[in-house]
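One structure is given below, encoded as structure tokens.
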Amino acid sequence: MQAWKEYQEKNKDRFLQELLELLRIPSVSARSEHKEDMVRCAEAVKKRLLDAGADKAVLYPTDGHPIVYGEKITDPALPTVLVYGHYDVQPPDPLELWKSGPFEPDIRDGKIYARGSCDDKGQFYMHVKALETLVQTKSLCTNIKFCIEGEEEVGSPNLAKFVRENKNLLKADVILISDTAMISMDTPSIDIGVRGLSYIEVEVTGPNRDLHSGVYGGAVANPATILAKMIASCHDENNRVTIPGFYDDVVEASPEERKLMAAAPFDEKEFMADLGVQAVWGEKGYTTNERTGIRPTIEVNGMWSGYTGEGAKTVLPSKAFAKISARLVPNQSSTVITEKLLNYFKSIAPPGVTVKASEHHGGEPYMTPVDSVAYKAAAAAIRDSFGKAPIPVRGGGSIPICALFEKELGIKIVFMGFGLDSDNLHSPNEKYDLYNFYKGIETIPYFHQHFAEMMKA
């Protein structure tokens, strides 16, 4: 371990500068104007893998953005770890809320502020620097492969085809992902599961054009009002989802798991203060932690209609739109839930409007067995690095490719995230603590060491 620490300490400033270079590339997968930036970022990741000591690194084209594959094969007889991450980032809007440019990384109070700093450039890059550390200190005791994609933030539409067509290339003993969070650096944790996702868009159309709200208001159905009522109908007075069959396949968490979750440190007043809210909200009968981990939810991600420019314009809009997503828990199917959502919004449309509902993308929930070798190796690595055992928790976010990887490659996934829930993922002023970045680089080599040892046993 001493060799790791010395090498990392000696090179930490360079590690940081390399990450900042990646963060300056606006690799926004959702927007066509960034297509060239996506290729530029993929090329940069490829170069960094080779610089870190990978035997090879290749860009694989897809119908969308390229996938970066890299590998360092030490000995075919040794266990192989497949690292998954993504170099694409969320759109930075609204730009006016950023204190510094989203693609002009700024270090303030020991934190890197930039889009992608935590999700997921800062986190997958820890693995690249861990590879370099292991290679340079001659400590590598596993084979390491990398699959770094450019479409995670848009649902990974082309990853399934790539995985199916390259099973040999991706063959490994475990998949290691850093795209999740810890409770805190004082209370390390490991996500043992992520929720699934069902994402749809709803379009409500009323009259064939925008109307004068004085001349026609009260006589013609307003699509914005109708859509608001339809969305409001998705929850009852206990904030429970009302869509028929929504909870049919939900696997309820056991009393033991709920007790374990309750043992994790959580300050609800601090939680509210951080978000600037006066109260928490959610399904009756569950705590805040349970609502964001073990329960399925439906949220509105965006709504727009009518006139939204400066000043006033009294119109009754012709159309109204909403983007809506559901987070799913074990045993729920994104295909089934998507169908239920689409049917629900079509079925409750009142006379006077027409409703068009369409799917964006989805993904399945995933759970890591706590008795697996991979989980035990990750827990041992965190114990060695942090000096205390991690708490197993369930994450509220989604990584749609998890179930796909396990189905196609037949191996388990372990999550070793070093972000924090307060890192403003998908929001303005996304950040990543320098401490967390360096701590990840320090901890990951322990995982390879423990995994190799446990696989021998």
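The first residue in the sequence is number 1, and the count goes up from there.
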[X]: side-chain hydrogen bond (donor to acceptor under 3.5 Å, both in side chains) partners, not counting sequence neighbours:
| X | result |
| --- | --- |
| Thr242 | none |
| Asn301 | Ser325 |
| Asp173 | none |
| Asp248 | none |

Basic-acidic side-chain contact under 4.0 Å: [X], [Y]:
| X | Y | value |
| --- | --- | --- |
| Arg295 | Glu290 | no |
| Glu132 | Lys129 | yes |
| Lys259 | Glu256 | no |

TODO: List in chain and number order the residues that pass ring pair (Phe, Tyr, Trp, His ring centres under 6.0 Å) with Phe266, two or more places apart in sequence or in another chain; answer none if no residue qualifies.
DONE: Phe271
Task: Partners meeting ring pair (Phe, Tyr, Trp, His ring centres under 6.0 Å) with His426 (sequence neighbours left out) - done: none
Write out all pairs satisfying salt bridge (charged side-chain N to carboxylate O under 4.0 Å, His left out) with one or both partners inside [range], taking only residues at least two apart or from two chains.
| range | result |
| --- | --- |
| residues 228-244 | Arg240-Glu283 |
| residues 80-91 | none |
| residues 371-395 | Glu257-Arg394 |
| residues 334-350 | none |

- [ ] Tell me yes or no: between the side chains of Ser385 and Glu442, is some donor less than 3.5 Å from an acceptor?
- [x] yes
Open item on the list: Determine whether Glu18 and Tyr125 satisfy the following criterion, side chain to side chain donor-acceptor pair (under 3.5 Å), listing intermediate values before the conclusion.
Closed with: CA-CA 9 Å; Glu18 290 172 5; Tyr125 202 64; 2.5 Å; yes
Short question: side chain of [X], backbone of [Y] - any donor-acceptor pair under 3.5 Å?
| X | Y | value |
| --- | --- | --- |
| Asp120 | Gly85 | no |
| Lys412 | Val373 | no |
| Ser398 | Arg195 | yes |

Got a list of side-chain donor-acceptor pairs under 3.5 Å for residues 361-370, not counting sequence neighbours?
residue: Glu364; atom: OE1; partner: Ser334; partner atom: N; Å: 3.0
residue: Glu364; atom: OE2; partner: Ser334; partner atom: OG; Å: 2.3
residue: Tyr366; atom: OH; partner: Glu406; partner atom: OE1; Å: 2.5
residue: Tyr366; atom: OH; partner: Ile413; partner atom: N; Å: 3.0
residue: Thr368; atom: OG1; partner: Ile413; partner atom: O; Å: 2.8

Open item on the list: Parallel, tilted or perpendicular, judged at 30° and 60°: which one describes the rings of Tyr84 and His86?
Closed with: tilted
If you look only at distance, which donor and acceptor atoms sit under 3.5 Å apart when one is on a side chain in residues 107-115 and the other is two or more places apart or in another chain?
residue: Arg108; atom: NH1; partner: Ser100; partner atom: OG; Å: 3.0
residue: Arg108; atom: NH1; partner: Asp106; partner atom: OD2; Å: 2.9
residue: Lys111; atom: NZ; partner: Asp109; partner atom: O; Å: 3.3
residue: Arg115; atom: NE; partner: Gln90; partner atom: O; Å: 3.1
residue: Arg115; atom: NH1; partner: Ser427; partner atom: O; Å: 2.9
residue: Arg115; atom: NH1; partner: Glu430; partner atom: OE1; Å: 2.9
residue: Arg115; atom: NH2; partner: Pro91; partner atom: O; Å: 3.2
residue: Arg115; atom: NH2; partner: Ser427; partner atom: O; Å: 3.3

